[in-house]
Amino acid sequence: MVTMRDVAALAGVSITTVSHVINETRPVAGDTRERVQKAIDETGYTGDAIARSLVMGGTKSLGLAVSLVSHPYFAELIAAIESEATRSGYSLVLIDTRDTPESEQAAVRMLRSRRVDGLLLTPSAGAGNQVLPELKRLGIPTVLVDRLTVAKDIDQVGPENVQATSGLVRHLAELGHRRIGIVCGKAGVATTEERILGYRLGLGRAGLKWDEALVSQSGWLAPLLDQDDPATAVVAADHLVTVGMLHEARARGLKLGTDLAVVAYDEVEWATLIDPPLTTLAQPVEEIGRTAVKLLLSRIADPDRAPETIRLSPSLMHRQSCGC
């Protein structure tokens, strides 16, 4: 195993100098730093992260607890978070929560056992009753990502859901639709609840009455179509729901934008490949990921600063599936 002593011998400097270069604990002359870095590259020296954390008082690592199976959009979010963490000199430890409170609590405790400097968390439905109070009680620097709470005592960053979904409904209403439905994913998830709230707000602003029969929280389009007075337009509340809706519409021989107007929250890479192209709300995923890391590093640097809630607005990708 390559040691710091090996690096020092190859670079012709002391072990202390190598330590200062690696840990940035003291300024080192440029040419000396270059020789040390060259020796590190040649030997493949990686150091002892555990020993370094004892000296530096931190592991220079951030934990990310998120479901890896519930939503394709999380892959893009994870990439943005990892990129920003790396740029800031931190490594990322990723653990799957499986989108259940029990697995989430185990994941968070595993990250704590790794002594991460801070934690990024996308809460599962019902997680607030277990995980968040524990993190607050222990004083773990934490930022909630994507799925936010109404709490004012924790940092969080995610998409703006209410006004954005309201705008989708109003757009459909302006096209003349009076039976506008919404198909949602998992009940109890913050983003689902907020988008339903936005749907209801949009109906009110358009002068339309709330009809519970036009809300499907099963993820299926069929309940909205199998009615005496079926929906003529539908909001898909997320990526997975959109896929299911398109399959159902095709199975019924419905032409998007003509037989059924469809708009979706979440941009998908194939939105312009279907006929007609899909009208969507594109979340600023990269910005959400970058902002989450910056918030967490600010919390680590200043544990006593006031918590922030940041909501970033999605962009309307106006295409033809809405009937325009």
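What you see is a predicted model, and the numbers here were worked out from it, not measured in a lab. The figures here come from the full heavy-atom set of this structure, side chains too, leaving out hydrogens, waters and symmetry mates.
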Peer 1: Any carboxylate oxygen within less than 4.0 angstrom of a Lys/Arg side-chain nitrogen, looking at Arg98 and Glu104?
Peer 2: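 Salt bridge: no.
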Peer 1: Is there a donor-acceptor contact under 3.5 Å from the side chain of Gln156 to the main chain of Ala151?
Peer 2: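 A pair under 3.5 Å: yes.
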Peer 1: Regarding Arg147 and Glu193, does a basic nitrogen lie under 4.0 Å from an acidic carboxylate oxygen?
Peer 2: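 Salt bridge absent between Arg147 and Glu193.
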Peer 1: Quick one, Ile81 and Leu92 - any side-chain contact, counting heavy atoms below 4.5 Å?
Peer 2: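 The answer is yes, as the side chains (C-beta and beyond) meet within the 4.5 Å cut-off.
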Peer 1: At what distance, to the nearest 0.5 angstrom, does CD1 of Ile196 lie from OG1 of Thr192?
Peer 2: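 Taking CD1 in Ile196 and OG1 in Thr192, the distance rounds to 6.5 Å.
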Peer 1: Grab the two heavy atoms, one from Ala261 and one from Cys322, that are nearest each other, plus how far apart they are.
Peer 2: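 That would be CB-O, 3.4 Å.
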Peer 1: Give a yes or no on whether Arg252 atom CZ has more than 12 heavy-atom contacts from other residues, nucleotides or ligands under 6.0 Å away.
Peer 2: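 Check passes, neighbour count above 12.
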Peer 1: I'd like to know if Val285 and Val189 are part of one continuous hydrophobic network [Ile/Leu/Val/Met/Phe/Trp/Tyr, side-chain heavy atoms within less than 4.5 Å].
Peer 2: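 Cluster IDs for Val189 and Val285 differ.
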Peer 1: Minimum heavy-atom separation for Asp146 to Pro159, with atom names?
Peer 2: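 Scanning both residues completely, I find the closest heavy atoms to be O-CD, 3.5 Å.
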Peer 1: Should Leu240 and Met245 be counted in the same cluster of Ile, Leu, Val, Met, Phe, Trp and Tyr side chains packed under 4.5 Å apart?
Peer 2: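 No, no single cluster joins them.
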Peer 1: Is there a side chain to side chain contact (heavy atoms under 4.5 Å, CB included) between Leu121 and Leu135 once you walk through the steps?
Peer 2: CA-CA 11 Å; Leu121 171 66; Leu135 291 172; 4.3 Å; yes
Peer 1: How close do Glu160 and Ala164 get, counting heavy atoms only, and between which atoms?
Peer 2: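 The pair with the smallest heavy-atom distance is OE1-N, 2.8 Å.
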Peer 1: Before you tell me yes or no, could you show the steps for Ser83 and Thr86 under side chain to side chain donor-acceptor pair (under 3.5 Å), namely the whole-Å CA-CA distance, both residues' side-chain angles and the distance that decides it to 0.1 Å?
Peer 2: CA-CA 5 Å; Ser83 176; Thr86 300; over 6 Å; no
Peer 1: Decide yes or no on side chain to side chain contact (heavy atoms under 4.5 Å, CB included) for Val18 and Val13, but give the supporting numbers first.
Peer 2: CA-CA 7 Å; Val18 175; Val13 299; 3.8 Å; yes
Peer 1: Under the side chain to side chain donor-acceptor pair (under 3.5 Å) rule, what do Glu267 and Thr280 come out as? Steps first, then yes or no, please.
Peer 2: CA-CA 5 Å; Glu267 172 71 328; Thr280 67; 2.5 Å; yes
Peer 1: For His318, I'd like to know if atom NE2 has over 12 heavy atoms of other residues, nucleotides or ligands within 6.0 Å.
Peer 2: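 Enclosed: over 12 neighbouring heavy atoms sit under 6.0 Å from NE2 of His318.
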Peer 1: Please report the closest heavy-atom contact between Ser321 and Thr279, naming both atoms and the distance.
Peer 2: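 Between these two residues, the closest heavy atoms are OG-N, 2.9 Å.
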Peer 1: So, do Leu144 and Leu132 sit near enough that their side-chain heavy atoms are less than 4.5 Å apart?
Peer 2: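 Result yes, sub-4.5 Å side-chain heavy-atom pair found.
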Peer 1: Could you tell me whether Arg305 atom CZ has more than 12 heavy atoms of other residues or ligands within 6.0 Å of it?
Peer 2: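 Counting neighbours around CZ of Arg305, more than 12 heavy atoms of other residues, nucleotides or ligands fall under 6.0 Å, so yes.
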Peer 1: Heavy-atom count around Lys38 NZ within 6.0 Å, excluding the residue itself: above 12?
Peer 2: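 Counting other residues, nucleotides and ligands, NZ of Lys38 stays at 12 neighbours or fewer.
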Peer 1: Look up atom CZ in Arg250 and atom NZ in Lys255, then write down how far apart they are to the nearest 0.5 Å.
Peer 2: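 Interatomic distance, Arg250 CZ to Lys255 NZ, rounded to 0.5 Å: 10.5 Å.
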Peer 1: Using 0.5 Å steps for rounding, measure from the CD atom of Gln163 to the CZ atom of Arg311.
Peer 2: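 Here the rounded value is 10.5 Å.
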Peer 1: Any side-chain heavy atom of Ile154 sitting closer than 4.5 Å to one from Pro307?
Peer 2: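 Not in contact.
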Peer 1: Side chains of Leu201 and Leu203, heavy atoms from C-beta outward: is any pair under 4.5 Å?
Peer 2: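 Not touching, per the 4.5 Å side-chain cut-off.
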Peer 1: Where do Ala222 and Glu248 come nearest, in terms of heavy atoms and distance?
Peer 2: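 Nearest heavy atoms, Ala222 then Glu248: CB-OE2, 4.0 Å.
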Peer 1: Would you mind checking if Arg290 and Glu287 are paired as a salt bridge, meaning a charged N to carboxylate O distance below 4.0 Å?
Peer 2: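 Between Arg290 and Glu287 there is no salt bridge, as every charged N stays at least 4.0 Å from the carboxylate O atoms.
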Peer 1: Find out if a path of hydrophobic residues (ILVMFWY) with successive side-chain heavy-atom gaps under 4.5 Å connects Leu77 to Ile310.
Peer 2: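 Leu77 clusters together with Ile310.
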Peer 1: Give the C-alpha distance, both sets of side-chain angles, the deciding distance and a yes or no for side chain to side chain donor-acceptor pair (under 3.5 Å) between Arg205 and Ser166.
Peer 2: CA-CA 8 Å; Arg205 287 174 171 172; Ser166 171; 3.3 Å; yes
Peer 1: If Ile, Leu, Val, Met, Phe, Trp and Tyr residues are connected whenever their side-chain heavy atoms lie under 4.5 Å apart, and connections chain through other members, are Leu256 and Leu254 in the same group?
Peer 2: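 Leu256 clusters together with Leu254.
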Peer 1: Run the side chain to side chain donor-acceptor pair (under 3.5 Å) check on Ser19 and Thr16 step by step: do they pass?
Peer 2: CA-CA 5 Å; Ser19 176; Thr16 301; over 6 Å; no
Peer 1: Are Tyr90 and Leu297 packed together at the side-chain level, in the sense that at least one heavy-atom pair is separated by less than 4.5 angstrom?
Peer 2: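 Yes. Closest side-chain heavy atoms under 4.5 Å.
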Peer 1: What's the shortest heavy-atom distance between Asp99 and Lys186, and which atoms?
Peer 2: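 Distance-wise, the nearest heavy atoms are O-NZ, 2.9 Å.
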Peer 1: Measuring from atom CZ of Arg109 to atom CG of Leu138, what distance do you get when rounded to the nearest 0.5 angstrom?
Peer 2: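 Separation between the atoms: 9.0 Å.
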Peer 1: Tell me whether Thr122 contacts the main-chain N or O of Val66 through its side chain, where contact means a donor paired with an acceptor under 3.5 Å.
Peer 2: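 Flag not set: sc Thr122 to bb Val66 has no pair under 3.5 Å.
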Peer 1: Any heavy-atom pair between the side chains of Leu221 and Leu260 that's under 4.5 Å?
Peer 2: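 Heavy-atom side-chain distance check passes, below 4.5 Å.
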Peer 1: Would a 4.5 Å heavy-atom cut-off, applied to side chains only, mark Asp6 and Leu10 as touching?
Peer 2: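 No, too far: nothing below the 4.5 Å cut-off.
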Peer 1: Looking at CG of Leu214 and CD of Glu212, how far apart are the two atoms once the value is rounded to the nearest 0.5 Å?
Peer 2: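 So the CG of Leu214 and the CD of Glu212 are separated by 10.5 Å.
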Peer 1: Quick one: which of Asp238, Asn161, Thr165 gives a side chain to side chain donor-acceptor pair (under 3.5 Å) with Arg195?
Peer 2: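 Result for side chain to side chain donor-acceptor pair (under 3.5 Å) with Arg195: Asn161.
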Peer 1: Evaluate the criterion side chain to side chain contact (heavy atoms under 4.5 Å, CB included) for residue pair His171 and Leu316; output intermediate values, then yes/no.
Peer 2: CA-CA 11 Å; His171 178 64; Leu316 178 65; 5.8 Å; no
Peer 1: Check Arg178 with Asp211, please: is the shortest side-chain N to carboxylate O separation under 4.0 Å?
Peer 2: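 Answer for the salt bridge query: no.
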Peer 1: Would a single hydrophobic cluster contain both Leu281 and Phe74, if residues Ile, Leu, Val, Met, Phe, Trp and Tyr are joined by side-chain heavy-atom contacts under 4.5 Å?
Peer 2: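 Hydrophobic grouping puts Phe74 apart from Leu281.
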Peer 1: To the nearest 0.5 Å, what is the distance between NE2 on His247 and CH2 on Trp220?
Peer 2: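 It comes to 9.5 Å.
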Peer 1: Side-chain contact test, heavy atoms from C-beta onward, threshold under 4.5 Å: evaluate it for Leu68 versus Leu94 and give yes or no.
Peer 2: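 Sidechains of Leu94 and Leu68: in contact.
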Peer 1: If the test is side chain to side chain donor-acceptor pair (under 3.5 Å), which one of Asp155, Asp117, Thr142 qualifies with Arg299?
Peer 2: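 Testing Arg299 for a side chain to side chain donor-acceptor pair (under 3.5 Å) against Asp155, Asp117, Thr142 leaves exactly one candidate, Asp155.
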Peer 1: Going through the checks in order, is the side chain to side chain contact (heavy atoms under 4.5 Å, CB included) test met by Ile182 and Val234?
Peer 2: CA-CA 5 Å; Ile182 185 170; Val234 181; 5.9 Å; no
Peer 1: Could you note down all residue pairs passing ring pair (Phe, Tyr, Trp, His ring centres under 6.0 Å) where residues 248-284 supplies at least one of them, sequence neighbours left out?
Peer 2: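 Qualifying pairs: none.
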Peer 1: Taking Val157 as the fixed residue, which of Leu148, Leu120, Thr291 is the one that meets the side chain to side chain contact (heavy atoms under 4.5 Å, CB included) rule?
Peer 2: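 When side chain to side chain contact (heavy atoms under 4.5 Å, CB included) is applied between Val157 and each of Leu148, Leu120, Thr291, only Thr291 qualifies.
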Peer 1: Do side-chain atoms of Arg179 reach the backbone of Thr232 as a donor and acceptor pair under 3.5 angstrom?
Peer 2: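 No; judged by distance alone, with no hydrogens or angles, the pair does not exist.
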